[in-house]
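Read through the structure below, which is laid out as C-alpha cells, and then see the notes.
For the numbers below, each heavy atom of this structure counts, side chains included, while hydrogens, waters and symmetry mates do not. In what follows, residues are counted from 1 in the order of the sequence shown.
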Amino acid sequence: MSQDATLELVALTKRYGDALAVDRIDLKVASGAYCCLLGPSGCGKSTTLRMIAGHESASDGDVMLGGKRVTGLPPARRGTSMMFQSYALFPHLSIADNVAFSLKMKGVARAERLARAAEMLALVDMTAFADRLPAQLSGGQQQRVALARSLITRPQALLLDEPLSALDPFLRVRMRGELKKIQRELGLTFVHVTHSQDEALALADLVVVMNAGRIEQAAPAREVFGAPRTEFVARFIGGHNVVDDGSGPVAVRADRIAVMKGGMGLPATVRDIEYLGATVSVALQADQLGELTAVLPDGRFFADPVAPGEQVMLAWKPEDAHRLAA
Ligand code: ADP
Ligand code: MG
C-alpha cells in the first residue's frame, strides 16, 4: 500500500462538559510509521484514538489523513480501521465470516469477500482455523482474527486500543512481535494506545507520551528513553532518577550510576538490594541528593557486592545526566 498515510492532528481538542479530556494536541505521524500513545490511565489516549477513528467527535481542531481533512467524516469513510480492546467476535459466525463481515456490510459479493478473508487469515497465520467458531479459539488466536477483521477494509491507518492487555505476559510479547511484522509488511500507519512503557519502547517508531490531555513528548523511542524532556516523562518511562542539583531537576539513568566502595564521588548509604536476574537494583540514600536507584549488571554487582547499611560513593558521567524542562 503505497498511498500517503500521513496522519496529522491539529489543535485536536475534546471537552466533556467542563472537563478537558484532550487539550489542543498537535501531532504528525509519518506515513507507514508505528506510533504508540503512551500514558497513565485517564490521560486521554482512548479519546484521542476515537477522535482519529471518528467514533468520537472533536470539540475543536482537525484530523488529517493522507493530506485530507477527515474530521467530519463517518468512521467508514476515513481510511482508518479500529481494533478494539475487547475484540468481541460474532459467536455464531465462522472465523472466515467474522473476518469478511464488514465487506458484507459494504455489499461486496460473497466470493470476493471470502477470497479477501482468506488472504487476511493467511497474513495472520490463521488459515487452518477459517471454518471454526470463535469459542473454539484461544485468546491469542481470537486476537489475530480481530486483527485480520480490522485490516480487510484496506485502511491507510490502523488504530489499536490496548490490543495486548487481555493476553498473558508471554503471549503479549509474542503478539507484539507479530503486530510489528504485519505493520512492516503492509506499510500501514499504526496508532497503538498503551499504558505499558515496555510495549511502547519495543514497538514504536514514534512514542507519544501523554499526561492530562496533553503531549509531554513525541519522539523516537531511544530519544524518549535517552533524553526524557520533562520530569513526568522521566518518571513514567522509568529507568531514571530525578534529582535536584540545586539549579533544577535532572534525570540520571539508573543503569549509568557507578556504586563504589571508596574513592571520589557522592557519599551515599545502601538502603536495599533487589535481585532482578540479569540486573541488581540498589536502593540508595545519597547525603546531598536524597533517594536514588542504581541498576547494575548481575556480574558486576556480585564481583564485589554491597549490603544494606554500607557506605558507598556514587559517580556518573556528565553525559548520563541531563536537565529536564520545568
Ligand atoms: P485513557 O484512555 O488515557 O485512559 P480516556 O481517553 O479514556 O483516557 O479518558 C480521558 C478523560 O476523559 C478521563 O478523565 C475520562 O474520565 C474522561 N472521559 C472519557 N470518556 C468520557 C465520556 N464519555 N464522558 C465524560 N468523560 C469522559
Ligand atoms: Mg483508554
Side-chain angles (χ1 to χ4, degrees), residues 1 34 36-37 41 45-46 49-50 52-56 74-196 199 202-203:
M1 285 170 220
Y34 204 121
C36 281
L37 301 184
S41 180
K45 306 180 297 295
S46 294
L49 201 71
R50 290 202 304 269
I52 298 170
H55 295 299
E56 189 82 75
R77 294 191 39 221
R78 292 190 171 209
T80 57
S81 179
M82 183 115 165
M83 188 173 144
F84 290 95
Q85 192 162 357
S86 59
Y87 25 83
L89 301 172
F90 299 114
H92 56 287
L93 291 185
S94 73
I95 294 309
D97 284 333
N98 261 287
V99 173
F101 187 77
S102 61
L103 297 184
K104 187 174 182 184
M105 294 294 97
K106 289 190 167 181
V108 176
R110 183 169 168 81
E112 187 187 342
R113 288 200 308 263
L114 290 180
R116 274 170 64 182
E119 205 181 298
M120 288 300 125
L121 285 172
L123 180 74
V124 298
D125 209 11
M126 286 292 289
T127 302
F129 301 87
D131 297 327
R132 290 212 195 166
L133 292 172
Q136 297 168 313
L137 300 186
S138 71
Q141 290 168 337
Q142 288 187 31
Q143 205 209 23
R144 283 198 221 147
V145 174
L147 181 61
R149 187 175 59 170
S150 57
L151 288 170
I152 201 165
T153 55
R154 296 178 179 154
Q156 289 159 273
L158 184 67
L159 311 173
L160 310 100
D161 196 347
E162 309 244 4
L164 305 177
S165 60
L167 304 176
D168 65 60
F170 178 77
L171 208 50
R172 197 179 302 149
V173 170
R174 209 177 107 186
M175 276 306 299
R176 86 180 178 207
E178 290 186 21
L179 280 179
K180 182 84 178 174
K181 178 168 158 273
I182 285 169
Q183 186 262 346
R184 277 207 202 99
E185 277 175 20
L186 298 179
L188 297 182
T189 303
F190 271 37
V191 183
H192 172 139
V193 161
T194 179
H195 59 263
S196 158
E199 206 167 290
L203 281 170

Please name the pair of heavy atoms, one in Ser196 and one in Thr194, separated by the smallest distance, quoted to 0.1 Å. N-OG1, 2.9 Å
Please find the pair of heavy atoms, one from Leu121 and one from Ala130, that lie closest to each other, and give the distance. CD1-CB, 3.9 Å
Taking atom CG of Asp168 as the centre, report whether more than 12 heavy atoms of other residues, nucleotides or ligands fall under 6.0 Å from it. yes
Supply the atom-to-atom distance His195 NE2 to Ser41 OG, rounded to the nearest 0.5 angstrom. 8.0 Å
Do Arg149 and Met83 pass the side chain to side chain contact (heavy atoms under 4.5 Å, CB included) test, and can you show the C-alpha distance, the side-chain angles, and the key distance before you say yes or no? CA-CA 8 Å; Arg149 187 175 59 170; Met83 188 173 144; over 6 Å; no
Grab the two heavy atoms, one from Thr153 and one from Ser102, that are nearest each other, plus how far apart they are. CG2-OG, 3.3 Å
Smallest heavy-atom separation, Ser46 atom then Asp161 atom, equals OG-OD2, 2.8 Å
Check step by step if side chain to side chain contact (heavy atoms under 4.5 Å, CB included) holds for Val145 and Val99. CA-CA 7 Å; Val145 174; Val99 173; 3.8 Å; yes
Please report the shortest heavy-atom distance between Leu133 and Ile95, naming the atom on each side. C-CD1, 4.1 Å
Smallest separation among heavy atoms of Pro91 and Pro134, with atom names: O-CD, 3.6 Å
I'd like to know if the side chain of Thr80 and the backbone of Ala157 have a donor-acceptor N/O pair within less than 3.5 Å. no
Taken to the nearest 0.5 Å, the spacing of Met120 CE from Arg154 CZ works out to 6.5 Å
If we ignore hydrogens and angles and just use 3.5 Å, is the side chain of Arg132 paired with the main-chain N or O of Leu137 as donor and acceptor? no
Checking the side chain of Asn98 only, and the main-chain atoms of Leu93 only, is there a donor and an acceptor separated by less than 3.5 Å? yes
Full working for side chain to side chain contact (heavy atoms under 4.5 Å, CB included) between Gln141 and Gln136: CA-CA 9 Å; Gln141 290 168 337; Gln136 297 168 313; over 6 Å; no
Going by atom types alone, do Gln183 and His192 pair a side-chain donor with an acceptor below 3.5 Å? no
Under 4.5 Å between any side-chain heavy atoms of Arg78 and Gln156, yes or no? no
What distance do Thr189 atom OG1 and Ile52 atom CD1 have between them, rounded to the nearest 0.5 Å? 10.5 Å
Where do Asp97 and Arg110 land on the side chain to side chain contact (heavy atoms under 4.5 Å, CB included) test, with the steps shown first? CA-CA 10 Å; Asp97 284 333; Arg110 183 169 168 81; 3.6 Å; yes
Quick one: does Arg116's side chain have a donor or acceptor within less than 3.5 Å of a partner on Ala100's backbone? no
Donor-acceptor pair, side chain of Arg172 and main chain of Leu167, under 3.5 angstrom: yes
Separation between CG of Leu158 and CG of Leu151, rounded to the nearest 0.5 Å: 5.5 Å
When rounded to the nearest 0.5 angstrom, what is the spacing between CZ in Arg184 and NZ in Lys181? 10.5 Å
To the nearest 0.5 Å, atom CG of Leu160 lies from atom CG of Leu49 at 7.5 Å
